[in-house]
Amino acid sequence: MAKESTIRTPIVCVMGHVDHGKTSLLDRIRGSSVVSTEEGAITQHIGATLVPIDAVTRMGGALSKVSVNVPGLLFIDTPGHHAFTTLRARGGALADMAIVVVDINEGFRPQTIEALQILRNYKTPFVIAANKVDRVPGWRVQENQPFLKTFAQQNERVQGILETKVYELVGKLSDLGFNSERFDRVSDFARNICIVPTSAITGEGLPDILMVLIGLAQRYMTESLKVSADGPGAGTVLEVKEERGLGMTLDLILYDGNLKVGDEIVVAGNDQIIETKVRSLLKPRPMSEILIEERFERVKSVTAAAGIKVAAPKLDGVIAGSPLRAVRSGNRDEVIEQVRREVQDIEVNLSDI
Ligand code: GDP
């Protein structure tokens, strides 16, 4: 670990049963961005969405009293188990935390249980989004409001139904060996899983789910989130894509250090290690500049955690899920060995699942 370390943005993956609202929740988080050029606004990365801490605070989620130094949350745009299990970093999961979305009216389904088992195996902290509260009979929608505010506006009968449904989830989680509680009654995040009632359609409870994730990261993960911002970049390849005018490119989630144009990088191909050099680093353009012909904005360097497109020669045969590492100060052999080990580790772990 380098001397100068900072706390990076934790990476979050959304999981849960089909149709319970994973995509809608991500869309709602993305859609809650104000003007994208504004300071502290939610920004679209390659394959991910960055929600800075200012945006969480602005939404009105009650942040814990401890001072917050987690800079925000980076959501992987692809939801589901597959993304969680195939995207790996240093032998563990790439995602530092997860949201498990459960339709509160339907309760647990097979993929909910599968998601929980995966998270347990990886020891990944998570929060439950008890979603589709707006479908609880008699619910009166309070657009974008934190849960307690909207709950206070419901009549007693509706409140009773919601409580019963939350307790059904608590019961199911208990059968699986997890202690849980509605988030506003949890005092120790290490002992209890937080259940946050949400609606991905109306935005209710969304400020709270973001706040709980920040709280989890702040209390239990700051050590594992320490990175050296000027150290050599390390990341995981989300996708390998041919882009018009750019040739083969990698969509990368950078989780450590930084990556610069001209950096030598090592990445895993189908059956060999590939060494190449970063030709360009590309970010999506903000929506306001969509008229500009070039779809991407070129940047000189990028710091973890971030989603970035990497253009470089010799990328044919790179596999999604592969590790990528930058070579700095002549440690080439060491980096090649590291990437080789990480690939082997991925193969071993995938056979466990
Ligand atoms: P996924 O398969 O888990 O990604 O689920 P989707 O996000 O595609 O949602 C499945 C369906 O449920 C879609 O028709 C959504 O519009 C709807 N849906 C998702 N979340 C909510 C919610 O909170 N409230 C309501 N009323 N509908 C929702």
Side-chain angles (χ1 to χ4, degrees), residues 11-33 42 44 47-49 51 59-61 73-87 95 97-119 124 126-151 153-155 157-159 161-166 168-169 172-173 182-184 193-213 238-239:
I11 299 165
V12 186
C13 188
V14 178
M15 300 166 84
H17 197 76
V18 63
D19 280 346
H20 281 196
K22 299 179 293 294
T23 312
S24 308
L25 195 74
L26 279 163
D27 284 349
R28 187 77 195 191
I29 291 168
R30 273 196 291 262
S32 53
S33 52
I42 294 167
Q44 196 53 51
T49 303
V51 183
M59 282 183 213
L73 301 164
L74 186 74
F75 286 90
I76 295 174
D77 286 341
T78 321
H81 304 352
H82 185 72
F84 183 89
T85 50
T86 52
L87 297 177
M97 295 192 285
I99 300 179
V100 177
V101 181
V102 189
D103 180 337
I104 195 167
N105 305 292
E106 251 193 31
F108 276 35
R109 307 282 293 137
Q111 286 166 285
T112 323
I113 295 167
E114 221 173 270
L116 294 170
Q117 281 162 347
I118 292 168
L119 294 169
T124 305
F126 65 92
V127 50
I128 303 273
N131 196 36
K132 307 198 186 184
V133 289
D134 59 300
R135 289 246 182 100
V136 169
W139 187 266
R140 287 163 54 190
V141 169
Q142 316 287 321
E143 197 90 6
N144 292 331
Q145 288 301 309
F147 169 73
L148 286 177
K149 281 200 178 150
T150 186
F151 189 67
Q153 295 300 314
Q154 310 302 325
N155 68 38
R157 194 182 55 82
V158 174
Q159 289 184 343
I161 298 174
L162 188 92
E163 286 286 48
T164 307
K165 290 189 182 294
V166 167
E168 281 169 14
L169 298 183
K172 282 277 188 270
L173 282 158
R182 205 174 78 188
F183 75 102
D184 53 296
I193 307 293
C194 289
I195 300 176
V196 184
T198 59
S199 167
I201 299 297
T202 70
E204 289 165 291
L206 226 68
D208 308 291
I209 205 138
L210 299 177
M211 178 275 286
V212 168
L213 288 169
L238 281 179
E239 266 191 79

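For ligands, and for the atoms within them, numbers begin at 1 and follow the listed sequence.
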Asp103/Arg109 under salt bridge (Lys or Arg N to Asp or Glu O under 4.0 Å): CA gap, chis, key distance, verdict: CA-CA 9 Å; Asp103 180 337; Arg109 307 282 293 137; over 6 Å; no
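- With contacts defined as side-chain heavy-atom distances shorter than 4.5 Å, the pair Leu173/Ile128 qualifies.
- Side-chain contact between Thr198 and Arg28 is absent, with no heavy atoms from C-beta onward closer than 4.5 Å.
- Across Lys132 and Asp19, no two heavy atoms sit closer than the pair NZ-O, 2.8 Å.
- Residues of the protein with a heavy atom under 4.0 Å from ligand 1 are His17, Val18, Asp19, His20, Gly21, Lys22, Thr23, Ser24, Asn131, Lys132, Asp134, Arg135, Ser199, Ala200, Ile201, listed by chain and number.
- Under the 4.5 Å side-chain criterion, counting only non-hydrogen atoms from C-beta, Phe147 is not in contact with Val133.
- No donor-acceptor distance shorter than 3.5 angstrom exists from the side chain of Gln154 to the backbone of Gln159, with no hydrogens or angles considered.
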